[in-house]
**Student:** 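Dumping the structure here so I can ask a few things about it.
Just so it is clear: chains get the letters A, B, ... in the order the sequence lines come, proteins before strands, and each one is counted from 1. Just the heavy atoms: all of them, side chains too, but no hydrogens, waters or symmetry mates, feed the values below.
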Amino acid sequence: MDKWFSNGVKLTPVILLGLCWLSLSVAASDATSDANPAFVKQSDSQNTSERDRDALQSVVVAEPFVNLYTGPGVGYPVFHVVEKGEFLWLVKRKYNWFLVVSKDGKEGWVPLLDMQKTKNHDGSDVTFATFNERDFTARSFEVGVKVGDFEGANLIAVSGSWQWTPNLAAELVVGQGLGDFSEVRQTTIAMLNSPWPEWQYSPYFGVGTGIVKVFPSAALVQEIDRKDEAVFVAAGIKRYVSDRFLLRMEYRKYAILTSQPTNEEIEEWTVGFNIFF
Amino acid sequence: MDRRIQYIFLALLLGLSNSYAIAADENGNDPSEIFEPKIERQQVDEALVDDEDFEIGLVFGTLGIEDFGAAELYGVRFNYFINEDFFLQISAGSAKAGLSSAEQLFPGNVVVSNDKDFQFYDLNLGWNILPGEAFWGEDVAVNTSFYLVVGAGNTSFLDNKEFTLTYGAGYRALLNDWLAFSVDTRNHRFNSEYPVGEIKSTHNLEFSFSVSAFF
């Protein structure tokens with residue numbers, strides 16, 4: 001095993017051959033079974049589905065027509081039109097697109113906006129989860145990543161927060177800072193208040209506490225690892241972008257509660273993006 | 001008096017009908033079991049619609065480690081698709097560095113570090129800048145995407161951890177609606193003090209293939 005892995009010349013062609021075979025065999029099997037929407041047939045008689053529609057839920061088209069696209073994106077060509085009153089069977093959802101099967105077995109993608117205009121069998125409106133600016137103000141969770149500067153060290157962090165009320169949120173951040181002379185690891189919790197959640201650029205403020213560990217780089221032998229508690233104040237701005245996506249910029253000022261006579265003060269600037277649920 | 005008798009009969013009747021109903025239940029003659037109407041669900045339950053916004057993949061390729069030659073790269077990649085245009089990517093990988101030029105020129109005389117494992121993780125934002133279709137002969141078309149990624153991460157190499165910028169481009173082809181094959185090129189750029197103690201920026205180019213599944 002070791003010999004194989006150490007010998008790049010031998011292994012790479014094997015992997016490449018394997019991949020080629022894999023892709024070819026998948027392509028071939030799909031071409032024959034024709035069960036797949038990703039393989040859109042060139043001729044109109046094809047592009048059909050062999051899915052069991054009894055196992056799928058369906059909706060009724062209520063607008064004059066709905067376009068079926070060959071892929072989940074506005075740039076993909078429209079290859080079929082389903083008319084008012086016909087059923088669409090739902091196969092799956094990919095972000096804001098639905099893979100559907102029509103009455104005559106055509107399989108294609110429909111954007112969320114069009115799906116929302118369809119009806120249930122009993123004539124009521126179909127409801128699908130949407131993510132827009134209004135949902136942003138009603139969000140309950142956020143996860144995100146951010147990068148920035150932690151007193152000279154380059155910081156990378158992941159965060160998760162729970163929106164308790166429209167104004168108050170609790171946030172956990174785990175980060176790693178890499179400086180020229182040391183590595184910093186921080187784990188912090190914060191209580192954040194956004195007084196104007198409906199603003200386009202919504203500011204927020206908070207306080208928090210956590211643990212900051214410092215590992216001096218291997219070259220500096222005289223230094224020892226340190227682990228200190230820290231308290232901090234935070235201020236930032238969030239900006240809704242689109243879908244589940246928002247940008248944030250944050251400033252934090254830490255007081256590191258060291259064992260030395262004076263506490264250390266550290267400033268942190270970060271930018272990042274969050275996804276909300 | 002008549003009333004009273006009436007009440008008694010009615011009470012008896014009520015009791016009887018109840019006991020019949022119970023008996024019917026016990027015998028398994030539940031009306032819904034006798035006749036099962038095949039009614040389609042009247043309203044769509046969104047929770048039953050399969051969601052596929054995640055992609056997980058295995059990566060293998062080549063990493064050119066500056067001054068240490070090219071090495072085989074193994075890694076994993078995880079994507080979350082925010083919409084048709086953007087995705088978040090977490091990627092991690094490892095490559096075993098070869099000998100540096102100094103080590104080759106003066107074998108045994110150059111002490112670099114025993115830590116020749118080039119290990120990294122990074123967080124990226126990806127942009128499907130050119131989605132499209134590619135064709136295989138006459139009958140087959142696959143959905144594809146040319147994308148750009150930019151991000152930051154951490155590289156652990158030669159007993160040091162370095163803040164690393166990553167940027168590059170890739171091409172993804174969806175073999176079917178859940179399996180994809182991608183080719184990626186990207187640069188892992190970080191500052192290193194090797195070999196002479198002076199801080200300089202190193203560029204480590206990755207060329208990799210990955211097979212991934214959507215779920």
**Student:** Identify which part of A:Phe98 has an atom lying under 4.5 Å from any heavy atom of chain B, answering side chain, backbone, both or neither.
**Tutor:** side chain

**Student:** Which atoms of B:Ser192 come close to chain A, meaning under 4.5 Å heavy atom to heavy atom: side chain ones, backbone ones, both, or neither?
**Tutor:** neither

**Student:** Looking only at heavy atoms, which two atoms of B:Phe163 and A:Leu155 are closest? And how far apart?
**Tutor:** CE1-O, 4.3 Å

**Student:** Among A:Val59, A:Val126, A:Val74, who wins on heavy-atom pairs under 4.5 Å with chain B?
**Tutor:** A:Val74

**Student:** Can a side-chain donor-acceptor contact be found between B:Asp45 and A:Gln57 if the only test is distance below 3.5 angstrom?
**Tutor:** no

**Student:** Examine whether an atom of A:Ala153 lies under 4.5 Å from a heavy atom of chain B, and if so say whether it belongs to the side chain, the backbone or both; otherwise answer neither.
**Tutor:** neither

**Student:** Rounded to the nearest 0.5 Å, what separates atom CG in A:Asp180 from atom CG in B:Asn191?
**Tutor:** 7.5 Å

**Student:** For B:Tyr121, is it the side chain, the backbone, both or neither that has a heavy atom under 4.5 Å from a heavy atom of chain A?
**Tutor:** side chain

**Student:** Enter the distance from B:Phe214:CZ to A:Lys94:NZ here, rounded to the nearest 0.5 Å.
**Tutor:** 4.5 Å

**Student:** Could you list the donor-acceptor pairs under 3.5 angstrom formed between side-chain atoms of residues 268-277 of chain A and any protein atom two or more places apart in sequence or on another chain?
**Tutor:**
from	atom 1	to	atom 2	distance (Å)
A:Glu268	OE1	A:Gln186	NE2	2.9
A:Glu268	OE1	A:Tyr254	OH	2.7
A:Asn274	ND2	A:Glu142	OE1	2.6

**Student:** What residue in A:Gly177, A:Ala129, A:Gly73, A:Gly75 has the most heavy-atom pairs under 4.5 Å with chain B?
**Tutor:** A:Ala129

**Student:** By number, which residues in residues 78-86 of chain B have some heavy atom less than 4.5 Å away from chain A?
**Tutor:** B:Tyr80, B:Phe81, B:Ile82, B:Asn83, B:Glu84

**Student:** Identify the heavy atoms of A:Leu178 and B:Gly153 that sit nearest to each other, and give their distance.
**Tutor:** CD1-O, 4.4 Å

**Student:** Other residues, nucleotides and ligands only: do more than 12 of their heavy atoms fall within 6.0 Å of NZ on B:Lys200?
**Tutor:** yes

**Student:** Which atom pair, heavy atoms only, marks the closest approach of B:Leu123 to A:Val145?
**Tutor:** CD1-CG1, 3.7 Å

**Student:** If you round to the nearest 0.5 Å, how far is OG1 of A:Thr127 from CD of B:Gln43?
**Tutor:** 7.5 Å

**Student:** Please check if atom NZ in A:Lys213 has more than 12 non-hydrogen atoms from other residues, nucleotides or ligands closer than 6.0 Å.
**Tutor:** no

**Student:** At a 4.5 Å cut-off on heavy atoms, which part of A:Val91 comes close to chain B: side chain, backbone, both, or neither?
**Tutor:** backbone

**Student:** Examine whether an atom of B:Leu88 lies under 4.5 Å from a heavy atom of chain A, and if so say whether it belongs to the side chain, the backbone or both; otherwise answer neither.
**Tutor:** side chain

**Student:** Nearest heavy-atom pair of B:Ala152 and A:Val147: which atoms, and what distance?
**Tutor:** CB-CG1, 3.9 Å

**Student:** So which residue, B:Asn154, B:Asn128, B:Asp122, B:Ile90, ends up with the most heavy-atom pairs under 4.5 Å with chain A?
**Tutor:** B:Asn154

**Student:** Should we say atom CG of B:Asn114 is surrounded by more than 12 heavy atoms from elsewhere, each under 6.0 Å from it?
**Tutor:** no

**Student:** Is the shortest side-chain N to carboxylate O distance from B:Asp177 to A:Lys92 below 4.0 Å?
**Tutor:** yes

**Student:** Of all the heavy-atom pairs spanning B:Pro131 and A:Tyr76, show the shortest one and how long it is.
**Tutor:** CB-OH, 4.0 Å

**Student:** Considering non-hydrogen atoms only, spot the tightest contact between A:Pro72 and B:Asn143 and give its length.
**Tutor:** CD-ND2, 3.9 Å

**Student:** What part of B:Glu52 is in contact with chain A, defined as an atom under 4.5 angstrom from a non-hydrogen atom: side chain, backbone, both or neither?
**Tutor:** both

**Student:** Using atom types as modelled and distance alone, determine if a side-chain donor or acceptor of B:Asp53 lies under 3.5 Å from a backbone N or O of A:Tyr95.
**Tutor:** yes

**Student:** Below 4.5 Å from any heavy atom of chain B, which atoms of A:Asp243 appear? Answer side chain, backbone, both or neither.
**Tutor:** side chain

